[in-house]
Amino acid sequence: MAANPMVTYICKRTVVSTKPVQPGKRHSLSVLDRAMGENHLKMVYYLKATTTPDKYYEPGEITKMLRESISETLTFFPVITGRLVKEEDGRTWMIKCNDAGVRMVEARAQGSVDEWLSNVDREREMKLVHWEEVFHKPYFWSTFYVQLTEFEGGGVAIGLSCYHLLADPVCATMFIKAWADIAFLGKMQHPPFFHALPAPKLIHNPSLPHISKTNDLIEHYKATIDKSVATVDQDVELASHLTTLSFSFTSSMVQSCMAMAQTGSSSQVQASPFEALSGLFWVCLSKVKKETDGLMDMSICLDARKALGLDSGFFGNCMVHNRVRCSNHEPPSISSLASAVASIREAAGEIMDSNSVMGLIEWLRCKDLDNDDDDEDQKKYSPSPINHGDCEIVCIGLDGVDPYSARFEDGLEPIRVSTYVEPVGVKWQVLILPALPASTGGGYQSGQLDRVVMVTIPKEFVESLYRNELIRDLRPEIVMGMNDAVASSPNCRVAV
């Protein structure tokens, strides 16, 4: 394959659902939705098409099958085919479910999907995801985009992008899974649910524990509002200086990391994969940045559906952010890992606490009411916890998603999935999600520890991260981003 594989864009079309949406249907956005209005998601699913003497895909055949099956899927997701309009108060956004459709781009790429993956980096991967910013008249702009890229040598990439205002990564994964179910089985196994977030029984009763004056979640979101300084123009300029590295950890590597996290710890509670890996990269990135007085300021982001008593099929934003507070002021090293993990566990516990999350939701609702007289231009979105505040690292945990169960046909299923929450801005980002275990011969199974860690940082720090001794000792595979390294560590294996 050529050193710079070419992607040829064939056409862009609008895909609508197979059944019309009920006239007048609308969907209001929650305070957690609006908190993420500045961001968008990008996901890439790489599907390997297994051919046999009895099964051979003609050029364009997979694209046609996927295009037809997504139309049927969209029938069950009226929010995705709708358009952004203002509520009657003229302040906040809502979705008018008018079945205006999803924009779909069809493309071709040189080589096979395996060849592409052997040499992929952030810049190339972005060629597989179509995205358009809404500059004016949002009513005419699609909020979801799909790109289907067939590889000439076999395989296909599905690129999905959408406004974080409408969906979090769990929702995006849910939609891809539903699409695959309809393509393969003819029906969805797990339908989505569209309804409001739970409301407190007595909204303004300060005696209720979840409506206390403050908690750590409220303080973190308050800081993002008080210190909202980034702009879209700044984010676009910063993006050119960033790169993304993807590290693949097998179950045994994750177990080793979990054991490292217990060294010197007085806690008998074993670290979870997220706690151990987020702690590892918190320490490593702090060392890469040459912090001498403790660790960099970090926040974490986790799914709060269970804390709110919501079904896993709830479609809407439920990823909640919290600042991690660490009292260790020593230079970052392996001895810092246990205290880092303990701090992460404490911050995660707050996100998993229903009273804390309900307190945050009520605080955001009250904040909306207090802002009735604000200038209209300032009320488009709330400042995003991804881009604002004084935390230098954002670590997002997606342990609960299952992207590898999205089987579109026998022999047409994901071999790798990438997820991005954009724009990153001035912060560094760590995203932890399940990996496809090589030992099982395909198919992700609940309870497996294999993980991919996607790290987005300025290019100038790439070599130092490659050479970090904590990562080097675990020997993860570097599956994306090696082209941006000045010199890779000899003990870090590059996947071929």
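Just so you know, residue 1 is the first one in the sequence shown, and it goes up from there.
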For this session: Return yes if a side-chain donor-acceptor contact under 3.5 Å exists between D450 and T250, otherwise no.
Result: no
For this session: Mind listing the closest non-hydrogen atom pair of G481 and L245 along with its distance?
Result: O-CD2, 3.5 Å
Exercise. More than 12 heavy atoms of other residues, nucleotides or ligands under 6.0 Å from CD of E346: is that the case?
Worked result: no
For this session: With sequence neighbours excluded, tell me which residues meet side-chain hydrogen bond (donor to acceptor under 3.5 Å, both in side chains) with R325.
Result: none
Problem set entry | Residues in side-chain hydrogen bond (donor to acceptor under 3.5 Å, both in side chains) contact with N39, at least two apart in sequence or another chain | S384, N387
Seminar exercise, completed: Hits for side-chain hydrogen bond (donor to acceptor under 3.5 Å, both in side chains) against E469, two or more places apart or cross-chain, chain-then-number order -> K287
Problem set entry | Residues forming a salt bridge (charged side-chain N to carboxylate O under 4.0 Å, His left out) with E125, sequence neighbours excluded | none
For this session: Measure across P414 and A406 and return the closest heavy-atom pair with its distance rounded to 0.1 Å.
Result: CD-O, 3.1 Å
Seminar exercise, completed: Sorted by chain and number, sequence neighbours left out, ring pair (Phe, Tyr, Trp, His ring centres under 6.0 Å) with F408 holds for W179
Exercise. Mind checking what makes salt bridge (charged side-chain N to carboxylate O under 4.0 Å, His left out) contact with K12, not counting sequence neighbours?
Worked result: E132
Exercise. What residues, two or more places apart in sequence or in another chain, satisfy ring pair (Phe, Tyr, Trp, His ring centres under 6.0 Å) together with F151?
Worked result: W116
Seminar exercise, completed: Closest non-hydrogen atoms of V7 and A109, given as atom of the first, atom of the second and distance, are CG2-CB, 4.2 Å
Problem set entry | Within residues 153-175 or reaching into it, pairs that qualify as salt bridge (Lys or Arg N to Asp or Glu O under 4.0 Å) - sequence neighbours excluded | D168-R305
Problem set entry | Which residues share a ring pair (Phe, Tyr, Trp, His ring centres under 6.0 Å) with F77, sequence neighbours left out | F175, F315
Exercise. K48 and D114: salt bridge (charged side-chain N to carboxylate O under 4.0 Å, His left out), yes or no, with the steps?
Worked result: CA-CA 8 Å; K48 189 170 184 177; D114 287 329; 2.9 Å; yes
Problem set entry | By ring pair (Phe, Tyr, Trp, His ring centres under 6.0 Å) - contacts of H40 (at least two apart) | W131
For this session: State which residue, out of L160, T173, V156, fulfils the side-chain contact (heavy atoms from CB on, under 4.5 Å) condition with Y45.
Result: T173
For this session: Would you name the heavy atoms of M36 and H164 that are closest together and state the gap between them?
Result: O-CB, 3.4 Å
Exercise. Under the side-chain hydrogen bond (donor to acceptor under 3.5 Å, both in side chains) test, which residues partner T149, sequence neighbours left out?
Worked result: Q147
For this session: Check salt bridge (charged side-chain N to carboxylate O under 4.0 Å, His left out) between D297 and all other residues, then give those that pass, not counting sequence neighbours.
Result: R323
